[in-house]
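Following: one structure in C-alpha cells, then a few remarks.
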There are 2 protein chains.
Amino acid sequence: MQANLPHLQSTFTTDCVIFGFHEGALKVLLIERNEYPFKGWWALPGFFVDHSETIDDAVKRILYEHTGLRGIFMEQLYTFGDLKRHPQGRIITVAYYALLRLDDLKSQPEPVTDYARQAVWHPLDDLPELAFDHRHIIDKAIQKIRRKISYSPIAFELLPEKFTLTQLQQLYEAIWGRKLDKRNFRKKMLNYNILKELPEFQRGVSYRAARLYKLDKRKYAKVFQNELTFSR
Amino acid sequence: MQANLPHLQSTFTTDCVIFGFHEGALKVLLIERNEYPFKGWWALPGFFVDHSETIDDAVKRILYEHTGLRGIFMEQLYTFGDLKRHPQGRIITVAYYALLRLDDLKSQPEPVTDYARQAVWHPLDDLPELAFDHRHIIDKAIQKIRRKISYSPIAFELLPEKFTLTQLQQLYEAIWGRKLDKRNFRKKMLNYNILKELPEFQRGVSYRAARLYKLDKRKYAKVFQNELTFSR
DNA sequence: ATATAGTGTGTATTTATTACACTATCATAA
DNA sequence: TTATGATAGTGTAATAAATACACACTATAT
C-alpha cells in the first residue's frame, strides 16, 4: 500500500492552516491539489514529512514554498489520526496553524509547488468543500486562535508592523465573530501598555487620518500571563 | 532500521502522562522499561500505534493495561518529533495526558505489561531521570493542565466523586504550586454554582468532619466558557 | 482539662468590567 | 462653497469581581 504513495518518505503528513487578515476579514490559504487522492480539490497546503527533518522544519518548508517568506509565526495545532481520514490508509497528519501579515505578501509572487495547481486566499466564512478532514482541521484552528488571542499577543502577527487601533479591533471582531465596544476596547488595549504610539498617521480612502501604533516588544512577554476579554 | 524495532506496526508511538492526586500531591504513573532502548529506565507508559487503531484507541489501551480502568479522562497534548528524541531514528510520538481518580484504583491491582517491569506512582516534584524526551513531555503536560484548570472543570477528574472544598483547594494549589486564600477560593468556587452540597460529611484522622460536595453535571458545561483565576 | 489540627465564615477596599453618545476631521459630491 | 457622510477619538458613572484579612468552633488525643 505504501508503494502507491507519492513521495514516500514517511507515513505521516503535516498540514498547515495559514491565516491572513485583509480588509476586515480572516482568510485561509488553500491550494488546488494536482495529485491523487483528491486531485482537483481544495485542500490545506501540506505534505509528507521527510525522515531527516523535524515536523517544524517540514511546516516551515511548506510555508516558504507557498508564501516565499520565512520567520512566519506558526504553532502546532493537533494530530489527526482517524482511520478513515485518508483514502490510502491510516495516515496521520500533524496539523499546524500559521499567522501571516498579508501586506508582507503584496510584493511577493505566490510560488506554486508541483503538487498544487494554484494557491488562493479564501475568506473563512465562505470556504469550498475540502479534501480529507481539512475542514475539521480549520475549525479546530479557529477555536484555537479564538482562545489564544485572549491570553497572548498572537493577534499582532496578523497585522502589519504599524497598525491603527481600529484595525486591531476589527481583527479581534473577525476572530471572535462579534462586535466590541470601541471605547472599552481602546481603554483595555492601551492599559496593557504593550502598544507604542507612533508619531505617524494612516489615511484611508475618504475618512480622517488615524493614529498608528506598533507592538512594544519589550513589554510583549508580560501579556502572556494576562487574559484579555471583552464582553462588547 | 525499522526491522530492529520491536512490535513494528507503525512508525510512530504514543505516550501518556497519567496524573493522579493523592494526599495533597500530584503524581505521575511511570513504568520501568523492560525493553531496549532505555531498558531499566523509568519512562511514560506508551507504545507503537497499530495501523488498525486510532491514536485515541491506542491511548485507551495503554490506560487500561496500566490501570485496569476504562472511561478515564484523556486528551491529546502535543506531538514530539525531534530528530534525536529516539535513538533508533526520527520516531515521533503523539503525547496524551490523562487524569485519574486515584481512589478508583485502590481496589484494583496494577496490571503490568510485557514491556514494563513495574508501574509506580511518582510525585511530580521528585521524578527520576527519564527515558527519551519524557521529562520534557511531562513538563508540557503540567503547563497544559495549569492553564486548563482555570477555564474548564478538568480538576474534578482527579478527585473522587464526593470531595471536600479543602481537597479541591489543595488540588488547585498542587497544580499551580502556590497557596490560595481559603475564603476567596470557596466564595468563588461556590459562586460558579457547579457544585452540589451533599448532606454528608467526611471525617479525617484527627479533625472536624468536613462537608462533602459533588460536581453538578447539569451545570458543568457552563464553566467551560469562564476563566477561573485566583490570586491568593 | 488542655492542646492540636482542621473547618467554616464576613466585610471593606480596590480593581476591572460594563454601558453608553457626542464632537472633530477629512473627503467627496452637489 | 457648502452640505453630507464616513470615520476617529474621547469620559464617566454603575456594577461586578477580586483581593486582603482573623477568629471562633469542633472533634480528637493526651
Side-chain angles (χ1 to χ4, degrees), chain A residues 23-25 149-151 159-160 162-174 176 178-214 222-223 225-232, chain B residues 21-25 149-151 159-160 162-174 176 178-214 222-223 225-232:
Chain A
E23 290 172 347
I149 57 167
S150 65
Y151 64 88
L159 291 175
K162 301 173 182 180
F163 50 84
T164 66
L165 289 179
T166 301
Q167 286 175 310
L168 184 58
Q169 181 177 343
Q170 284 171 343
L171 175 54
Y172 273 85
E173 289 175 340
W176 280 338
R178 67 195 168 98
K179 290 286 175 196
L180 303 172
D181 180 86
K182 182 163 54 161
R183 279 173 292 186
N184 292 340
F185 181 84
R186 284 163 185 243
K187 193 196 313 175
K188 187 154 184 174
M189 238 350 135
L190 295 175
N191 265 358
Y192 279 109
N193 239 12
I194 55 166
L195 297 185
K196 191 168 170 182
E197 187 179 297
L198 297 174
E200 304 159 61
F201 293 81
Q202 183 182 79
R203 39 178 19 90
V205 194
S206 69
Y207 48 93
R208 182 178 172 186
R211 168 77 66 182
L212 284 168
Y213 291 82
K214 71 172 193 180
K222 289 186 190 169
V223 179
Q225 291 309 59
N226 291 327
E227 302 274 336
L228 312 175
T229 50
F230 295 96
S231 72
R232 57 166 241 116
Chain B
F21 181 64
H22 191 52
E23 289 172 348
I149 57 167
S150 66
Y151 64 88
L159 291 176
K162 301 172 182 181
F163 51 85
T164 67
L165 289 179
T166 301
Q167 286 176 310
L168 183 59
Q169 183 178 342
Q170 284 171 343
L171 175 53
Y172 273 85
E173 289 174 340
W176 279 339
R178 65 194 168 100
K179 290 286 174 194
L180 302 172
D181 180 86
K182 181 161 56 160
R183 279 173 293 186
N184 293 340
F185 181 85
R186 285 164 184 242
K187 193 196 312 177
K188 187 155 184 173
M189 236 353 132
L190 294 174
N191 265 359
Y192 279 108
N193 241 13
I194 55 166
L195 297 184
K196 191 167 170 184
E197 187 177 296
L198 297 174
E200 303 158 61
F201 293 81
Q202 183 184 79
R203 39 179 17 91
V205 194
S206 69
Y207 47 92
R208 182 176 173 186
R211 168 77 68 181
L212 284 168
Y213 292 82
K214 70 173 193 180
K222 288 186 191 169
V223 179
Q225 290 310 62
N226 290 328
E227 301 274 337
L228 310 176
T229 50
F230 295 97
S231 72
R232 58 164 243 120

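Numbers restart at 1 for each chain; the letters A, B, ... are given by sequence-line order, proteins then strands. The figures that follow rest on heavy atoms only: side chains count, while hydrogens, waters and symmetry mates do not.
- Residues Leu195(A) and Phe163(A) meet the side-chain proximity criterion, which asks for heavy atoms closer than 4.5 Å.
- Taking only distance into account, the side chain of Lys187(A) never meets the base of dT10(D) through a donor-acceptor pair shorter than 3.5 Å.
- Atom P of nucleotide dT15(C) and atom OH of Tyr192(A) are separated by 16 Å, given to the nearest angstrom.
- For Asp181(A) and dA19(C), the CG to P distance is 8 Å, given to the nearest whole Å.
- With rounding to whole Å, Leu180(A) atom CG is found 15 Å from dC20(C) atom P.
- When atom types are taken as modelled, the side chain of Gln169(A) and the backbone of Arg186(A) share no donor-acceptor pair closer than 3.5 angstrom.
- Atom P of nucleotide dG11(D) and atom CG of Asn184(A) are separated by 14 Å, given to the nearest angstrom.
- At a cut-off of 3.5 angstrom, counting only N and O atoms as typed in the model, there is no donor on one side facing an acceptor on the other between the side-chain of Asn191(A) and the base of dA16(C).
- Nucleotide dG8(C) holds its C1' atom 17 Å from the CE atom of Met189(B), rounded to whole Å.
- Counting atom types as modelled, Lys182(A) pairs no side-chain N or O with a base atom of dT7(D) as donor and acceptor under 3.5 Å.
- The distance from atom CG of Leu190(A) to atom P of dA8(D) is 15 Å, rounded to the nearest whole Å.
- The side chain of Lys188(B) has dA18(D) as its nearest neighbour among dC21(D), dA18(D), dT18(C).
- Without hydrogens or angle criteria, Tyr172(B) side chain to Ile149(B) main chain gives a donor-acceptor distance under 3.5 Å.
- One can place CZ of Phe201(A) at 12 Å from P of dA8(D), the figure rounded to the nearest angstrom.
- Summary of the strand contacts: Ala210(A) and Arg183(B) both lie near DNA chain D, and taking for each the nucleotide with the nearest heavy atom, the more 5' one is attributed to Ala210(A).
- Side-chain contact between Leu180(A) and Arg178(A): present, with at least one pair of heavy atoms (C-beta onward) separated by less than 4.5 Å.
- Below the 3.5 angstrom threshold, one finds no donor paired with an acceptor across the side chain of Arg208(B) and the base of dA27(D).
- In this entry the distance linking CD of Gln169(B) with C1' of dT7(C) reads 12 Å, nearest Å.
- Both Ala209(A) and Thr164(B) lie close to DNA chain C; mapped to their nearest nucleotides by heavy-atom distance, the more 5′-ward contact belongs to Thr164(B).
- Partners of Lys162(A) by side chain to side chain donor-acceptor pair (under 3.5 Å), not counting sequence neighbours, listed by chain and number: Glu200(A).
- Checked by distance alone, Arg203(A) brings no side-chain donor or acceptor within 3.5 Å of a matching partner on the base of dC26(C).
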